[in-house]
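Structure first, commentary second.
Keep in mind that the numbers below use all heavy atoms, side chains included, and drop hydrogens, waters and symmetry copies.
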Amino acid sequence: PNLSMGMSDQVELTNPVELSVGGMSGHILRRGIHLAMSFLPLLYFEIGEDVAKTLSLSIEQIVSSVILVAVFGEALRLRMGWTVVGQRSYEAKQVSALAWGALGVGMVFLLVPEPAYVYPLILSLSLGDPLLGELRRKGSSTQTVISAGVLGIAAIWAGCAYLVGTPWLFVPLMAPI
């Protein structure tokens with residue numbers, strides 16, 4: 001892909017649909033996976049302990065196991081050169097976004113297992129990334145993408161401040177990051 005830096009210092013992007021294995025179907029699947037990730041905090045906090053107890057494990061052991069499966073699965077996928085529907089073609093030779101996401105989400109659950117932080121961090125990934133990607137794909141200006149991103153992430157953190165007790169201080173701090 002063309003990842004050269006232009007005059008605006010923004011990474012120049014090619015059409016993600018063209019790079020997605022499966023074309024538009026793969027792209028839609030990729031976006032669907034992002035949106036589905038929004039439910040992970042709810043599952044973790046609502047049924048995680050019950051599932052762990054049923055399996056005679058701690059919730060941390062389950063999360064750690066999922067991370068290990070993702071890491072070893074990704075190593076195998078890379079070794080074999082496989083790509084699956086929804087991945088980008090260039091991910092055949094590099095760690096996939098799915099693997100990075102699984103690692104990141106797992107680490108959030110392990111390192112800050114509090115609703116006030118888990119919800120906004122994971123929702124920022126599951127909703128913010130597709131928002132930015134779709135705006136770029138539709139040809140929105142860099143300023144529009146940045147503004148929508150800051151407002152979208154601020155809305156996520158503000159909603160979490162209201163609903164799950166995320167400190168309001170994080171709304172202006174996290175939005176531009």
Side-chain angles (χ1 to χ4, degrees), residues 16 20-22 24-134 149 152-171 173-175 177:
S20 293
V21 175
M24 182 54 85
S25 296
H27 179 72
I28 291 169
L29 175 64
R30 188 180 184 96
R31 293 297 187 228
I33 289 169
H34 267 275
L35 297 176
M37 288 171 47
S38 300
F39 294 99
L40 292 176
L42 186 64
L43 293 171
Y44 179 87
F45 292 116
E46 294 302 319
I47 66 169
E49 289 293 341
D50 293 336
V51 170
K53 193 177 296 182
T54 300
L55 298 173
S56 299
L57 296 170
S58 70
I59 196 164
E60 294 82 7
Q61 289 172 316
I62 291 176
V63 171
S64 297
S65 297
V66 170
I67 292 171
L68 287 172
V69 166
V71 167
F72 287 109
E74 183 68 0
L76 176 64
R77 187 194 67 76
L78 283 169
R79 176 87 170 130
M80 302 304 287
W82 296 331
T83 54
V84 297
V85 174
Q87 287 186 317
R88 304 273 164 75
S89 55
Y90 58 80
E91 289 177 314
K93 303 266 189 249
Q94 69 183 45
V95 176
S96 68
L98 181 61
W100 283 119
L103 177 63
V105 167
M107 295 307 292
V108 166
F109 285 131
L110 290 175
L111 297 174
V112 287
E114 298 294 326
Y117 303 103
V118 168
Y119 276 97
L121 287 167
I122 292 176
L123 290 173
S124 293
L125 169 63
S126 68
L127 302 176
D129 186 69
L131 170 67
L132 298 176
E134 288 304 307
I153 299 302
I156 288 167
W157 283 80
C160 290
Y162 180 75
L163 294 170
V164 295
T166 303
W168 282 98
L169 171 67
F170 285 107
V171 175
L173 290 176
M174 298 305 285
I177 296 177

Which atom pairs, one a donor and one an acceptor, fall under 3.5 Å between side chains of residues 25-37 and the rest of the protein, sequence neighbours left out?
{"unit_1": "His27", "atom_1": "NE2", "unit_2": "Glu134", "atom_2": "OE2", "d": "2.6"}
{"unit_1": "His27", "atom_1": "NE2", "unit_2": "Arg137", "atom_2": "NE", "d": "3.4"}
{"unit_1": "Arg30", "atom_1": "NH1", "unit_2": "Gly86", "atom_2": "O", "d": "2.9"}
{"unit_1": "Arg30", "atom_1": "NH1", "unit_2": "Glu91", "atom_2": "OE1", "d": "3.4"}
{"unit_1": "Arg31", "atom_1": "NE", "unit_2": "Glu134", "atom_2": "OE2", "d": "2.8"}
{"unit_1": "Arg31", "atom_1": "NH2", "unit_2": "Glu134", "atom_2": "OE2", "d": "3.2"}
{"unit_1": "His34", "atom_1": "ND1", "unit_2": "Leu125", "atom_2": "O", "d": "3.4"}
{"unit_1": "His34", "atom_1": "NE2", "unit_2": "Asp129", "atom_2": "OD2", "d": "3.1"}

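For the side chain to side chain contact (heavy atoms under 4.5 Å, CB included) test, residues two or more places apart in sequence or in another chain that qualify with Ala70 are Ala102. By the salt bridge (Lys or Arg N to Asp or Glu O under 4.0 Å) test, Arg88 is found to be paired with no residue, residues two or more places apart in sequence or in another chain being considered. Residues meeting the side chain to side chain contact (heavy atoms under 4.5 Å, CB included) test with Glu60, sequence neighbours left out: Ser58, Leu110. Remark: Ser38 pairs with Ser126 by the side-chain hydrogen bond (donor to acceptor under 3.5 Å, both in side chains) rule, at least two apart or across chains. The side chain to side chain contact (heavy atoms under 4.5 Å, CB included) search around Leu169 returns Leu173, not counting sequence neighbours. Legend: residues meeting ring-ring contact (aromatic ring centres under 6.0 Å, His included) with Phe45, ordered by chain and number and at least two apart, are Tyr119. A search for side chain to side chain contact (heavy atoms under 4.5 Å, CB included) contacts involving Leu55 returns Val51, Leu57, Ile62, not counting sequence neighbours.
Taking 4.5 Å as the limit, some side-chain heavy atom of Trp157 sits within range of a side-chain heavy atom of Ser124. Residues Tyr90 and Ser96 have side chains not in contact (no heavy-atom distance under 4.5 Å, counting atoms from C-beta outward).
Annotation: the span from Ile153 atom CD1 to Leu131 atom CG amounts to 7.5 Å, rounded to 0.5 Å. Put simply, CG on Leu123 and OG1 on Thr166 are 9.5 Å apart, with the number rounded to the nearest 0.5 Å.
Sorted pairs that involve residues 53-81 and meet ring-ring contact (aromatic ring centres under 6.0 Å, His included), not counting sequence neighbours, are lacking altogether. Sorted by first and then second residue, the salt bridge (Lys or Arg N to Asp or Glu O under 4.0 Å) pairs with a member in residues 69-84 read Glu74-Arg77; sequence neighbours excluded. Applying the salt bridge (Lys or Arg N to Asp or Glu O under 4.0 Å) test to every pair with at least one member in residues 92-101, sequence neighbours left out, gives no pairs at all. Sorted by first and then second residue, the ring-ring contact (aromatic ring centres under 6.0 Å, His included) pairs involving residues 91-116 (not counting sequence neighbours) are Tyr44-Phe109.
Pairing each heavy atom of Val118 with each of Pro41, the nearest pair is CG1-CB, 3.8 Å. Between Phe170 and Tyr117, the closest heavy-atom pair is CE1-CE2, 3.6 Å. Minimum interatomic distance between Ser89 and Thr83 (heavy atoms only, all atoms of both residues): O-CG2, 4.1 Å.
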